[in-house]
Structures are given as structure tokens and as C-alpha cells.
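Just so it is clear, the structure is predicted and the values come from calculations on it, not from any experiment. First listed ligand is number 1; within each ligand, the first listed atom is number 1. Quick note: numbers below take in every heavy atom, side chains included, and nothing from hydrogens, waters or symmetry partners.
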Amino acid sequence: MAETVVEVKNLVKRYKELIALDNFNMNIEKGEVFGLLGPNGSGKTTTINCILSLLNYDNGEIKLFGEKMKSGRFDLKRRIGVVMQNVAVFDELTVYENIDYFCGLYITDKNERKQCVEEAIKFVGLEDFRKFKPKKLSGGLLRRLNIACGIAHKPELIIMDEPTVAVDPQSRNKILEGITELNKNGATIIYTSHYMEEVEQICTHILIMDKGKNVAEGSSDDLKRSIKNTENVIVDIKNLHKDHIENIKKLSHVYDVQYMAGRLTIKCAGGRHNISHVIDYFAENDIKYDRIYSELPTLNDVFLEITGKSLRDKEA
Ligand SMILES: Nc1ncnc2c1ncn2[C@@H]1O[C@H](COP(=O)(O)OP(=O)(O)OP(=O)(O)O)[C@@H](O)[C@H]1O
Ligand SMILES: [Mg+2]
């Protein structure tokens, strides 16, 4: 039987008039890499802070490892590792000392701790930076230090809130490989990100939240199957008259057409010959184009259809 590691039931959190979490529900099974996705301000960090009892909430229930979580439950807290959205390390301590400090909150035996710290350093690839202070590290290396501080005590549940924001590709890959490895070694992971490629790559289960509510969940394939959008036909084409755009909108199975910066995106729901219909239309009207191709919906299309917002809003 699957073991439930995190159980969040009807969680309500208000900041004065603002309802940040609105009867939010979430269950996470042991062994999952659980992707928590949502536009800016949808309540991801608030959820995490409530799970950790760093924040009081107005209503609802949170159980971790089958037990009710409260701020005094240090026994439950030591089974969790957290990598916060904002890097939280001590500027005056070196890489080694920082990891040792955070690990020391949970592991008091000196020898055991030394081994854990060394393993964490190796795990994130900071071997050459042991004696560096955080200010001397690049953004990517600093993120890796933040991760090492969160995981050195070998937690069973690891919560990572956007660990790859503003990180160079090399560090990003290192972090993603690391998450997969931690999971292989038995850890359950909660992962929030705005990068859908990452989420598709590593998450076994995805929950989309919007305005404090759970609006959809499942595997990436489940989510893609659940939406209206089944295919996007994309055409690189210059100076397309708006009358043609209106006509293309009327082709069968087409439900939305956008034309921006020389790129026509035709959204289709069902149908097997969408691309041929578009090619036929261009041929009949003697219209030239550069390139035409068809794409299956991505996680971003799922996100867009469900929340009306792009996953990439943050970078826009
Ligand atoms: N301390 C606070 N006081 C008042 N409002 C807050 C506070 N913290 C968060 N909020 C509000 O609660 C809502 C949820 O915020 P939260 O930080 O949980 O979102 P998020 O999904 O983590 O967003 P992001 O993707 O930007 O990190 C937002 O509307 C935010 O403005
Ligand atoms: Mg956040």
C-alpha cells in the first residue's frame, strides 16, 4: 500500500482580506517527485510554509508521515529538508561551516555529521569551494550551497521552492540530476518551478494551483489528455492579412488563432488532418509561407488552458 507522506486537507490561509489558500487539498505519496505549479501569487510558498508550521493558518489540517504537524514537532521536522525560494545562508560562515551548521540542527554526533557534510558537498559539486564564503560564490554555486544545507541531514521529505531560478545551465543540470538521485535513494520530493521542461523531466505527479485552489492534478500525460487542445499547427509566415486569419479560425477543429511576430499559431481540438487543412487553405489562396509544422500540447498549454496564464509570466 502506498504510504502518504503529506496530507493537506481544506487548508485556508488569509492575509487580512486576501485569501491566499482557499480550501486547498493535496496528498503526496512516498517516493514521488511532486511538482507544485502555479502562477505567481497562487499560494505555493504559503502552502510550503504552512506544511512546515512556519506560518499559522485559519482552517484545515496538515499531516506529515501520518501524524498531525505542529510547530513543536521537532521529531517530524528533522525528517524534512527544505530549500527555500530565497537563499538563506550565513555570509560570515564558509561553505563547509554553513552546511555543518544546518546539519547540526538535526545531527549532534560529530563524526556522523562530518560524513554527512562531506557527502552533501560532494553531492552538489562544491568540493573546490569548501573554504569560500557565500559572497564569493556565483549565483548557481550559491543555489547549490543552499541545497546542500537543506539535504545534508538525509531527510525523507525534501521541499524545494524554485531551486533553479536564475541559475546557469550547468548548475541547473547538476541540480536536476541531484533531485532525481535523491529520489532514487528514497526521498520524496516537493518541487515548485516555473520551468515546465524541468517539471516534465523530473516530476512523477503534478498539481496545478491557482488562486489558492487545487485546479488540476495528475501525471504530465494525464493533464495533457484532460484539456481541449490536442494539436497546435504553427506557421512561419509574413504579412498575413487579417481576413485570412478569420477564415482559418473557421476551419474545422480550430478554436483559436494567434498571429504575432510572423508566427501563426492555430490551436485545434480533435481532428486528424488539421495541418493538411491549413496547407490546403494556403494553396487555394495562393499564399506563401516559410515553414509549417504541428506540435502536441505542452504542459504550458495545459497551464494556459486551466489558469488562463502562462507558466512563463514571471520572466515576461
Ligand atoms: N506576508 C504576507 N502578507 C500579505 N500577503 C502575502 C504575504 N505572503 C504572501 N502573500 C500573498 O499571498 C498570495 C500567495 O503568495 P505566495 O508567495 O504563496 O505565492 P507563490 O505561488 O509562492 O508565488 P511565486 O510564484 O511568486 O513565488 C499572494 O497574493 C501574495 O501576495
Ligand atoms: Mg513562491
Checklist entry - Side chains of Glu198 and Ser193: do they bring a donor and an acceptor to under 3.5 Å? => result yes

Checklist entry - Looking at Leu18, which atoms of ligand 1 are within less than 4.0 Å of one of its heavy atoms? => result 11 (C), 12 (O), 13 (C), 29 (O)

Checklist entry - Between Glu200 and Ser220, is any side-chain donor less than 3.5 angstrom from a side-chain acceptor? => result yes

Give every donor-acceptor pair under 3.5 Å between a side-chain atom in residues 122-129 and any protein atom, sequence neighbours left out.
none

Item to check | Any side-chain donor near an acceptor of the partner, Thr4 and Asn27, under 3.5 Å | outcome: no

Next on the checklist: So if I count the atoms of ligand 1 from 1 in the order they appear, which ones are less than 4.0 Å from some heavy atom of Thr46?
Outcome noted: 14 (C), 15 (O), 16 (P), 18 (O)

Item to check | Best match, Asn40, Ile19, Asp161: closest heavy atom to atom 24 (P) of ligand 1 | outcome: Asn40

Next on the checklist: At a threshold of 2.8 Å, where the distance has to be below it, does the Mg ion (ligand 2) have an N, O or S atom of Asn40 nearby?
Outcome noted: no

Next on the checklist: Regarding ligand 1, does Gly38 bring an N or O atom to under 3.5 Å of one of the ligand's N or O atoms?
Outcome noted: no

Item to check | N/O/S from Thr46 sitting under 2.8 Å away from the Mg ion (ligand 2) | outcome: no

Item to check | Residue selection (non-hydrogen contact nearest atom 19 (O) of ligand 1) among Gly43, Ala20, Gly212 | outcome: Gly43

Item to check | Thr45: numbered ligand 1 atoms lying under 4.0 Å from its heavy atoms | outcome: 17 (O), 18 (O), 20 (P), 22 (O), 27 (O)

Item to check | Sub-3.5 Å N/O-N/O distance, Gly41 and ligand 1 | outcome: yes

Checklist outcome for this item: ligand 1 atoms nearer than 4.0 angstrom to some heavy atom of Gln85 are 27 (O)

Checklist entry - Quick one: do the Ser294 and Glu231 side chains pair a donor with an acceptor below 3.5 Å? => result yes

Checklist entry - Which ligand 1 atoms, with their elements, are less than 4.0 angstrom from a heavy-atom of Pro39? => result 21 (O)

Item to check | Rounded distance [0.5 Å steps], CG in Leu264 versus CD1 in Ile237 | outcome: 6.5 Å

Next on the checklist: Considering only residues two or more places apart or on different chains, which pairs with a residue in residues 282-306 satisfy salt bridge (Lys or Arg N to Asp or Glu O under 4.0 Å)?
Outcome noted: Asp236-Arg291, Lys238-Asp290, Lys267-Asp301, Asp286-Lys288

Checklist outcome for this item: ligand 1 to Glu162, heavy atom cutoff 4.0 Å, flagged ligand atoms 25 (O), 27 (O)

Next on the checklist: Can a donor-acceptor pair be found, under 3.5 Å and without considering hydrogens, that links the side chain of Asp58 to the backbone of Arg14?
Outcome noted: yes

